[in-house]
Amino acid sequence: MADIKAAAAADEEQDHHHHRVIVTEPLEEQEKKQPPHKSKRVSSLDVFRGLTVALMILVDDAGGEWPMIGHAPWNGCNLADFVMPFFLFIVGMSIALAFKRIRNHMIATKKVILRTLKLLFWGLLLQGGFSHDPDKLTYGVDMKKIRWCGILQRIALAYFVVALIEISTKTAQAKDLLPGRFSIFKLYCWHWLVGACVLIVYLALIYGVYVPDWHFTVDNIDSADYGKILTVNCGVRGKLDPPCNTVGYIDREVLGINHMYAHPAWKRSKACTKHSPYEGPFRNDAPSWCLAPFEPEGILSSISAILSTIIGVHYGHVLIHMQVQSFFFKLRHWVAMGLALLMLGITLHFTNAIPLNKQLYTFSYVCVTSGAAALVFSAFYVLVDIGNVKFMFLPLEWIGMNAMLVYVMAAEGIFAAFINGWYYDDPHNTLVFARPKFDSDLLAISRVTLFVRK
C-alpha cells in the first residue's frame, strides 16, 4: 500500500488561504462599489480533503488485512483506488478558486513553479526511498535505485499544467458568464482543448506503441530466483495486460527498471499468488513478470491523470461563476455531470472497451473516479455550506486544513512510532505487537482516532 501513502494534501498549502467564493460581477466594478473584504471559505472542500486523507490512512494500513478495500491487483476499482483521483479533483477545484483573481501573471506563475518544486522535493524525499523503513527510523537511499515517480510527483505535474493553463488564459476570459447551457464550457474552452489533446495522446500511445520483449534482474533477496535475469515475452501492440502494456514499456525505457516501484499491486493477482487478492507465496507456475517492478505513478499514466484535475477545475469554475444563482443550479450541473461520467466509465468497463485500471490510469477509470468525486463533493457542499451542518464534520475539516502536516506524520511513521513506543515490561508488549494478528487493524484505528481527537 506504499503507493498511496502520499498525496495527502499537496494542494493544501496553495489553497489554504485561497479557495473562497466570489460573485461573478466584473472585478473592476466590484472594487469600485465596495471596499475589500474577507470572502467566505468553502468549508466543504476542506471536509472533502480531510475525508480523503483519512481514507488514505485507512486503506494504507488496513488494506493488507482487508484486500477488498486495498488497490485492485489489476483491472477493477476498489476503495483505495479512489484516493488518488479524489486528491487530483480537489487540486483542480483549488486551482480555480485560488486563481480566480490574478493581478500579476508573472508573480502567479512564479508561485506555481515554486509550489511545483516543493511537491517534487517532498515526493522524492518521502517516496524516493530515502525513508525506506520509517517505523524503524532508518534512512538512506541508493541513487542507483531511487524511485523518481510517486504520487506527489504526479500531483506536481497535474498542478503545474492546469495552473499554467488557468493563468495564461485568464485575460482571454469574459468577466461574466453568458446565458446558455454550455456557456461555462465555452468560457474555459482552452482547458477542455488541452484535456482532449491529453486523451488523444494517451490513447494513441497506449494502443499504438509496439512493446518488445524485455528482461530484468530479480532484486528480491527472499526469492529463489534472486540475481537471475528473467525474460518477459511480448512483441505485441495495444495490450493492457500487466507485462506488455505501453505504460510500463515507456517507464522502463525512460526511467530505467531499477527506478520503478518494486512492490506493484499486480503481485496479488490470480496469475501470481495462490491466495489472491491476499499477499502470499507465488504460484509454482507464476509467470516471470510477477517478480518484476512496475511504476503505478509512471510517465504516461501521470499524463492521463491531468484529466482528473481538469474535471476538478471545471467544478471550481462552476462554483465561482454560478454563485449569484441559486445553489440548485450549481448542484444540478455537478450531479448531472458526475452521473454522466460514472455511466460512461462503467459502460466502457463492462463492454470491455476500456477496463477500469488504476495502474494504467485508463479513461474509464478517470470517468468513474471523477464522477464519484463530483457526487461526494456535491453532497458535502449541500450539507456543510448550504445546510450549515458543520459540527459533525469538524474533525475532517481540521484534517483538511492541516493536510500536509498529517500527511508527513503518517508517511514518516511518526504516529506508528508514537503508538509503538509505549510498552509494558517488555518492548514487545506494545499496543501493536502485543497482538500480531490484529497489527494493521489496530494501527489504522489508532491513527484515525488520533486525527479525530485532534
Side-chain angles (χ1 to χ4, degrees), residues 1-4 6 71-77 80-81 84-85 123 127-129 144-151 153-154 157-158 198-199 201-220 223 225 228-273 276-277 282 286-307 354-366:
M1 296 296 105
D3 59 323
I4 62 169
H71 286 298
W74 193 244
N75 289 338
C77 196
D81 298 313
M84 181 75 249
Q127 285 196 284
K144 292 182 179 180
K145 299 180 181 179
I146 186 173
R147 183 184 174 195
W148 296 117
C149 294
I151 294 180
Q153 294 91 313
R154 169 172 288 179
L157 173 64
V198 167
L199 179 60
V201 169
Y202 173 80
L203 293 177
L205 291 175
I206 202 170
Y207 288 109
V209 173
Y210 176 80
V211 180
D213 297 345
W214 54 283
H215 61 272
F216 67 98
T217 302
V218 179
D219 197 31
N220 184 3
S223 173
D225 296 315
K228 293 183 179 179
I229 299 177
L230 303 180
T231 300
V232 180
N233 297 317
C234 289
V236 295
R237 191 189 311 271
K239 292 290 185 180
L240 301 183
D241 56 3
C244 300
N245 59 79
T246 305
V247 172
Y249 171 64
I250 292 177
D251 290 337
R252 289 190 295 272
E253 292 297 313
V254 178
L255 302 174
I257 197 166
N258 291 332
H259 299 285
M260 297 167 63
Y261 186 53
H263 307 286
W266 75 22
K267 294 189 175 184
R268 296 186 288 106
S269 64
K270 292 181 180 180
C272 296
T273 61
S276 178
F282 283 159
S288 58
W289 54 263
C290 291
L291 296 169
F294 181 82
E295 183 52 68
E297 279 79 43
I299 298 172
L300 185 55
S301 57
S302 293
I303 292 175
S304 176
I306 295 174
L307 294 171
I354 303 177
L356 289 168
N357 192 295
K358 186 262 182 187
Q359 316 298 319
L360 303 179
Y361 221 99
T362 56
F363 180 60
S364 59
Y365 174 75
V366 172

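Since we're looking at a predicted model, the values are computed, not measured. Hydrogens, waters and symmetry mates play no part in the numbers below; they use all other heavy atoms, side chains included.
A heavy-atom distance below 4.5 Å is found between the side chains of Phe282 and Thr273. In this structure, the side chains of Cys290 and Lys267 stay at 4.5 Å or more apart for every pair of heavy atoms. Residues Val366 and Pro85 are not in side-chain contact: their nearest non-hydrogen atoms beyond the backbone lie 4.5 Å or more apart. Between Met84 and Ile151 the shortest side-chain heavy-atom distance falls below 4.5 Å. With a 4.5 Å cut-off on side-chain heavy atoms, Leu360 and Tyr365 do not count as touching. Side-chain atoms of Glu297 and Tyr361, non-hydrogen and from C-beta on, never get closer than 4.5 Å to each other. Contact of the Leu307 side chain with the Tyr202 side chain is not registered, since no non-hydrogen atoms from C-beta on lie closer than 4.5 Å.
Atoms CG and OG1, on Leu203 and Thr362 in that order, are 9.5 Å from each other to the nearest 0.5 Å. Atom CG in Leu300 sits 4.5 Å away from atom CD1 in Ile250 (nearest 0.5 Å). Atom SG in Cys77 sits 10.0 Å away from atom NE2 in His71 (nearest 0.5 Å). The line from NE2 of His215 to CD1 of Ile257 is 8.5 Å long, rounded to the nearest 0.5 Å. Separation of atoms SG (Cys272) and CH2 (Trp289) is listed at 4.0 Å; rounding is to 0.5 Å. Atom CG of residue Leu356 and atom CG of residue Asp81 lie 9.0 Å apart, to the nearest 0.5 angstrom.
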Show every donor-acceptor pair shorter than 3.5 Å between a side-chain atom in residues 231-240 and any protein atom, with sequence neighbours excluded, or say none if there are none.
{"from": "Arg237", "atom 1": "NH1", "to": "Gly208", "atom 2": "O", "distance (Å)": "2.8"}

**Message:** Working note: Arg154 + Glu295, criterion salt bridge (Lys or Arg N to Asp or Glu O under 4.0 Å); need CA distance, chi angles, decisive distance, verdict.
**Reply:** CA-CA 12 Å; Arg154 169 172 288 179; Glu295 183 52 68; over 6 Å; no
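Sequence neighbours left out, not one pair with a member in residues 203-214 passes salt bridge (charged side-chain N to carboxylate O under 4.0 Å, His left out). The list of side-chain hydrogen bond (donor to acceptor under 3.5 Å, both in side chains) pairs with a residue in residues 241-259, not counting sequence neighbours, reads Trp148-His259.
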